[in-house]
Amino acid sequence: MASEMTRPVLLYACAGVDTAAWLEALRCELPQVELRVWPDAGNLADIQFAFVWRYPPGMLARLPKLRAIFSLGAGVESILRDPELPREVPLVRMVDPALAIGMNEFVLMCVLHYHRQMDVHAENQRQRTWSRLVPPLPQDRRVGILGLGELGGLCAGTLVKHGFDVAGWSRTARAIEGVHTFAGVEQLPEFLRRTEILVCLLPLTPSTENIINNATLAHLPRGAYFINVARGQHVVDADLIAALDSGQLAAATLDVFREEPLPAEHPFWVHRRITVAPHIAAITQVKTAARTLAANLNRCLAGDAPANVVDRRRGY
Ligand code: NDP
Ligand code: OXD
């Protein structure tokens, strides 16, 4: 094993997660690496790699020998907002099997919930109404996914396997077997017009912020459903509530919010047609993600470029 002097140093600077579990897993996956925990970082010039989530902005700019920044999460908009984010250092986002499994399960669960009209049955239960509704066949149910990347692409494929009529929208043209694909702003209205259950799985960028608003919601067929598992800033909250109150939307499941935790006074908590989940659609799990991080860091140590580097120009 390399001596203490020559061991590469990884700085751990993650907040809001189980740090003890992470440190144990990282020590196990990366025995050749010295692990330091912010703010107890020692000589900052020793640090070559950083693993971050909700870290203090400006911190990374103080690490002169930084070679790569690894994000604990898949969405990196908060890191990109750091005004002092080192420009030349690759920023790597989390692409991990457990995240994909979690998102796939959550989206499938929500789509099936609305497809089988469980929201209507819940309301009927409150009214003590026995009503045996006949759901459409899945091939007659049009589901649309905004974002066809690691997570959206997987969810689209799963919904196809369950027999749904699936479409997806991305920035550049994509081909996924069995999925009707649309790309670019000019094709967004056409995509929305055919979408009865809309799922948002876009990254948050200047082009996607506030994308769910009065104008876009108006393109959906009346009585559509909306599932947001991306970021709260994709949605104009007041427009979403107006669409639910007018019947343009039948119901929505929201896993992400502009402010998290969702403030106690926020109207989403008590809206009859909104289901709130506390940002749990897909959770970065220590067991698999530590291994993913280790594999990527080892690529760097072997002189290769890390996988899943964020394109700073695109913003994701
Ligand atoms: P990817 O980067 O793999 O995919 C992003 C997709 O969005 C791509 O298909 C991309 O298009 C498309 N896209 C980006 N910008 C635009 C645009 N302006 N117009 C149209 N399409 C666009 O991301 P992931 O699938 O890994 O993750 C998506 C998001 O999910 C994350 O950014 C994060 O915010 C959220 N997330 C939420 C979690 C939760 O628990 N709720 C957990 C994990 C992630 P193209 O294919 O052309 O590049
Ligand atoms: C993520 C998230 O981006 O947890 O990974 O939302």
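Just so we're clear, the structure is a prediction, and the values are computed from it rather than from any experiment.
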Take atom [atom1] in [X]; do more than 12 heavy atoms of anything else shown fall under 6.0 Å from it?
{"X": "D304", "atom1": "CG", "value": "yes"}
{"X": "R62", "atom1": "CZ", "value": "no"}
{"X": "R141", "atom1": "CZ", "value": "yes"}
{"X": "E260", "atom1": "CD", "value": "yes"}
{"X": "E177", "atom1": "CD", "value": "no"}
{"X": "R312", "atom1": "CZ", "value": "yes"}
{"X": "R87", "atom1": "CZ", "value": "no"}

For the side chain of [X] and the backbone of [Y], is there at least one donor-acceptor N/O pair under 3.5 Å apart?
{"X": "N124", "Y": "T129", "value": "no"}
{"X": "R314", "Y": "Y316", "value": "yes"}
{"X": "S170", "Y": "L148", "value": "no"}
{"X": "R54", "Y": "S78", "value": "no"}
{"X": "H121", "Y": "R132", "value": "no"}

Would you give the length of the straight line joining atom [atom1] of [X] to atom [atom2] of [Y], rounded to the nearest 0.5 angstrom?
{"X": "R67", "Y": "L297", "atom1": "CZ", "atom2": "CG", "result": "8.0 Å"}
{"X": "R36", "Y": "N43", "atom1": "CZ", "atom2": "CG", "result": "7.0 Å"}
{"X": "N296", "Y": "R93", "atom1": "CG", "atom2": "CZ", "result": "11.5 Å"}

Identified side-chain hydrogen bond (donor to acceptor under 3.5 Å, both in side chains) partner of D96 from the options T284, T288, N308: T288
ILVMFWY network linking [X] to [Y], side-chain heavy atoms under 4.5 angstrom:
{"X": "L202", "Y": "V185", "value": "no"}
{"X": "W169", "Y": "F226", "value": "yes"}
{"X": "L85", "Y": "L72", "value": "no"}
{"X": "V286", "Y": "L26", "value": "yes"}
{"X": "Y12", "Y": "V76", "value": "no"}

No-hydrogen, no-angle side-chain donor-acceptor test under 3.5 Å, N213 and D239: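 Their side chains do not contain a donor-acceptor pair, so the 3.5 Å distance test is not met.
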Between Q32 and N298, a side-chain donor and acceptor under 3.5 Å: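 A donor-acceptor contact under 3.5 Å links the two side chains.
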Close side-chain approach of [X] and [Y], heavy atoms under 4.5 Å:
{"X": "L11", "Y": "M59", "result": "yes"}
{"X": "E77", "Y": "T205", "result": "no"}
{"X": "L198", "Y": "L146", "result": "yes"}
{"X": "T216", "Y": "F191", "result": "no"}
{"X": "N228", "Y": "L240", "result": "no"}
{"X": "P278", "Y": "L262", "result": "no"}
{"X": "I241", "Y": "F268", "result": "yes"}
{"X": "V89", "Y": "L63", "result": "no"}

Listed once per pair and sorted, the ring-ring contact (aromatic ring centres under 6.0 Å, His included) pairs that draw on residues 32-86, sequence neighbours left out: W22-F51
Positive for side chain to side chain contact (heavy atoms under 4.5 Å, CB included) with V229, one of D255, V256, L151: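 The single option meeting the side chain to side chain contact (heavy atoms under 4.5 Å, CB included) with V229 is D255.
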side-chain hydrogen bond (donor to acceptor under 3.5 Å, both in side chains) partners of residues 184-200, not counting sequence neighbours, each pair once: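 For residues 184-200, and leaving out neighbouring residues, the side-chain hydrogen bond (donor to acceptor under 3.5 Å, both in side chains) pairs sorted by first residue read D165-R194.
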Which atom of N210 lies closest to which atom of V235, heavy atoms considered: OD1-O, 4.3 Å
Working for side-chain contact (heavy atoms from CB on, under 4.5 Å), residues T208 and H234: CA-CA 6 Å; T208 64; H234 286 125; 3.2 Å; yes
side-chain contact (heavy atoms from CB on, under 4.5 Å) evaluation trace for R272 with L244: CA-CA 9 Å; R272 291 282 272 233; L244 287 161; over 6 Å; no
Close aromatic pair by centroid cut-off 6.0 Å: H162 and F164: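 Not close enough - the centres of the two rings lie 6.0 Å or further apart.
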Listed partners of Y114 passing ring-ring contact (aromatic ring centres under 6.0 Å, His included), at least two apart: Y225
